[in-house]
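Here is the structure we will look at.
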Protein chains: 2
Amino acid sequence: MAVSLNERSSTELKVRKQRAPNSPPRGAPDRHAGQATRNSEIVYRDLRDAIVDVTLTPGTPLVEKEITERYGISRTPVREAILRLAEEQLVDVIPKSGTFVARIPVAVLHEAIVARKALEGACVREATAKASKSQIMELRAIIQREYELCAAGDEQAFHDADNAFHAGVAAASGYPGIWSMIEKIRLQVERYRRLTLPQKGRMALIVAEHAAVLDAIESGDADAAVAAMNNHLNKLRIDIGTFRDLWPDYFLFDKK
Amino acid sequence: MAVSLNERSSTELKVRKQRAPNSPPRGAPDRHAGQATRNSEIVYRDLRDAIVDVTLTPGTPLVEKEITERYGISRTPVREAILRLAEEQLVDVIPKSGTFVARIPVAVLHEAIVARKALEGACVREATAKASKSQIMELRAIIQREYELCAAGDEQAFHDADNAFHAGVAAASGYPGIWSMIEKIRLQVERYRRLTLPQKGRMALIVAEHAAVLDAIESGDADAAVAAMNNHLNKLRIDIGTFRDLWPDYFLFDKK
DNA sequence: CTTGCATAACTAGTATACAAGATATTTTAC
DNA sequence: GTAAAATATCTTGTATACTAGTTATGCAAG
């Protein structure tokens with residue numbers, strides 16, 4: 001069982017006939033953008049979506065064999081998908097015992113908001129400096145769409161547009177890597193958000209807040225833009241007390 | 001090959017006899033803290049360390065079979081380790097072709113510094129509000145150790161102490177999740193840092209900058225603390241020009 | 001009825017065999 | 001000799017069998 005650790009694993013790796021310098025393998029290097037080609041990717045996406053949907057509720061056992069049969073594939077890709085989810089703290093895998101949809105740690109929720117404010121603040125500040133005219137126009141269009149969806153009362157589509165606005169700001173900042181970090185953080189909070197009932201008048205408020213952010217960006221006032229974004233994100237503040245009673249076993253409370 | 005996607009994978013998962021509500025599986029939930037029990041974890045750590053060491057240089061092929069033989073284990077755990085590395089953008093795996101240590105994208109380096117400033121800024125601000133007397137004393141002790149290691153000229157130990165200071169600030173802020181994000185970001189920049197030769201007088205400067213941060217924290221001036229930390233992190237600014245010539249094939253330059 | 005223990009039925013971890021595509025090499029045509 | 005095609009040999013992706021530890025079950029003793 002024990003694995004030899006004495007010799008450094010890297011010391012004398014036989015360097016295979018190497019590609020010419022400066023010529024990275026030409027196979028698509030950013031396969032991340034493309035759609036799923038591997039089965040493990042498909043399973044991962046399905047499970048992840050189901051978890052953030054709260055279709056799969058916290059605590060639910062995830063049995064590899066069942067998923068295997070459902071998809072008609074072997075355990076290997078299923079396992080890879082589950083390992084990715086474990087990496088992102090969406091499932092807990094207990095060796096030789098079972099895999100379970102992770103409970104939502106309330107401490108993480110608070111941290112997630114802080115982290116998001118920090119990262120999106122950096123994005124919006126940079127966007128204020130670098131946003132092109134066309135990018136600003138696109139953001140304005142998104143806000144208009146939000147306004148229309150708000151009037152139509154389409155919650156799901158509105159939420160997508162909401163996300164698109166934030167993505168647009170990140171794009172304008174030229175920080176794609178930071179945006180992907182923000183999206184990972186969002187996964188955690190999204191489960192919580194799905195549990196909260198849609199609040200009356202919330203959409204109209206969001207539209208106004210987005211508009212405030214964009215106005216500040218357009219006027220070139222970075223500090224105001226950051227402040228507007230912070231104000232917007234602060235509205236996500238977690239009110240855990242209500243849900244402690246509703247779904248007590250969905251959350252993991254601090255042990256202090 | 002195609003996988004059935006028509007039916008939602010989550011709709012009717014047979015819910016196995018479930019554990020009693022409010023009783024999370026009692027197996028160690030924070031296995032993350034413990035040492036590696038699974039072989040895949042050991043391989044992952046070794047490879048990751050070798051990559052950030054730049055012992056395994058960017059572009060080096062990583063062949064599953066070789067690692068398999070080196071450790072005397074099968075491909076499965078090796079593969080899992082490699083998949084984790086791919087997740088963290090430390091390797092590029094090209095299906096049916098090969099796996100390679102990822103080149104360092106200079107754009108990511110810049111973003112990493114921005115993200116780190118944002119996140120550590122949030123940490124230091126919170127730490128200013130919440131740090132206990134003992135935590136401040138610990139940070140002061142770390143700075144003293146840095147001073148001594150600086151005098152002794154021990155680069156490696158100094159770097160560890162440097163990291164310990166930042167970890168200490170994060171601990172004082174009570175944001176362990178944000179600290180783990182910062183550490184992931186650090187992985188990317190660390191490879192670059194390892195390539196830069198130790199700069200004369202750098203250590204003494206770092207000690208002074210850390211002291212400035214701690215002074216501001218102690219005096220309760222959050223804005224000054226954030227400013228001091230930003231000033232400190234700005235010193236990491238990437239000077240890619242030098243290395244474009246030295247190791248042209250270690251980096252990935254923007255394609256604009 | 002309760003408690004302790006043996007045992008059966010789970011689980012994830014690992015090893016290995018095979019499949020499929022990509023690259024390197026050789027062969028063949030010209 | 002050159003170039004293109006066939007082929008051999010790589011690689012990772014997948015399937016499956018087996019191992020080992022955990023949890024549940026049922027039986028027996030008190």
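First the proteins, then the strands, lettered A, B, ... as listed; each starts at 1.
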Could you walk me through whether B:Asp249 and B:Arg103 pass the salt bridge (charged side-chain N to carboxylate O under 4.0 Å, His left out) test, one step at a time? CA-CA 8 Å; B:Asp249 53 327; B:Arg103 284 162 175 76; 5.4 Å; no
Find the bend of the helix from C:dC1-D:dG30 to C:dC30-D:dG1 as the angle between its two terminal axes (five pairs each), to the nearest 10°. 20°
Just how far, in rounded Å, is [atom2] of [N] from [atom1] of [X]?
X	N	atom1	atom2	answer
A:Glu64	C:dT14	CD	P	12 Å
A:Glu41	D:dG13	CD	P	12 Å
B:Phe100	C:dT23	CZ	P	9 Å
A:Ile73	C:dC18	CD1	P	21 Å
A:Ile67	C:dT11	CD1	P	11 Å
A:Glu80	D:dT12	CD	P	13 Å
B:Leu62	D:dT12	CG	P	8 Å
A:Lys96	C:dA12	NZ	C1'	7 Å

Test salt bridge (charged side-chain N to carboxylate O under 4.0 Å, His left out) applied to B:Arg194 and B:Glu190, step by step: CA-CA 6 Å; B:Arg194 292 281 185 142; B:Glu190 185 66 8; 3.2 Å; yes
Does [X] have a side-chain nitrogen or oxygen under 4.0 Å from the phosphate oxygens OP1 or OP2 of [N]?
X	N	result
B:Ser97	D:dT11	no
B:Ser74	C:dT14	no
B:Asn39	C:dT14	yes
B:Arg79	D:dG13	yes

When B:Arg75 and A:Lys65 are each assigned the nearest nucleotide of DNA chain C, the 5'-most assignment goes to A:Lys65
Measuring only between side-chain heavy atoms, which start at C-beta, is [X] closer than 4.5 Å to [Y]?
X	Y	answer
A:Leu62	A:Val91	yes
B:Arg116	B:Leu236	yes
A:Ile185	A:Glu111	no

Classify A:Thr99 by what it touches in the nucleic acid, base, sugar-phosphate, or nothing, heavy-atom distance under 4.0 Å. sugar-phosphate
Donor-acceptor pair, side chain of A:Thr60 and main chain of A:Leu56, under 3.5 angstrom: no
Per the atom types in the model, does the base of D:dA15 pair as donor or acceptor with the side chain of A:Thr76 at under 3.5 Å? yes
Side chain to side chain donor-acceptor pair (under 3.5 Å) involving A:Glu88 - partner list, sequence neighbours excluded: A:Tyr44
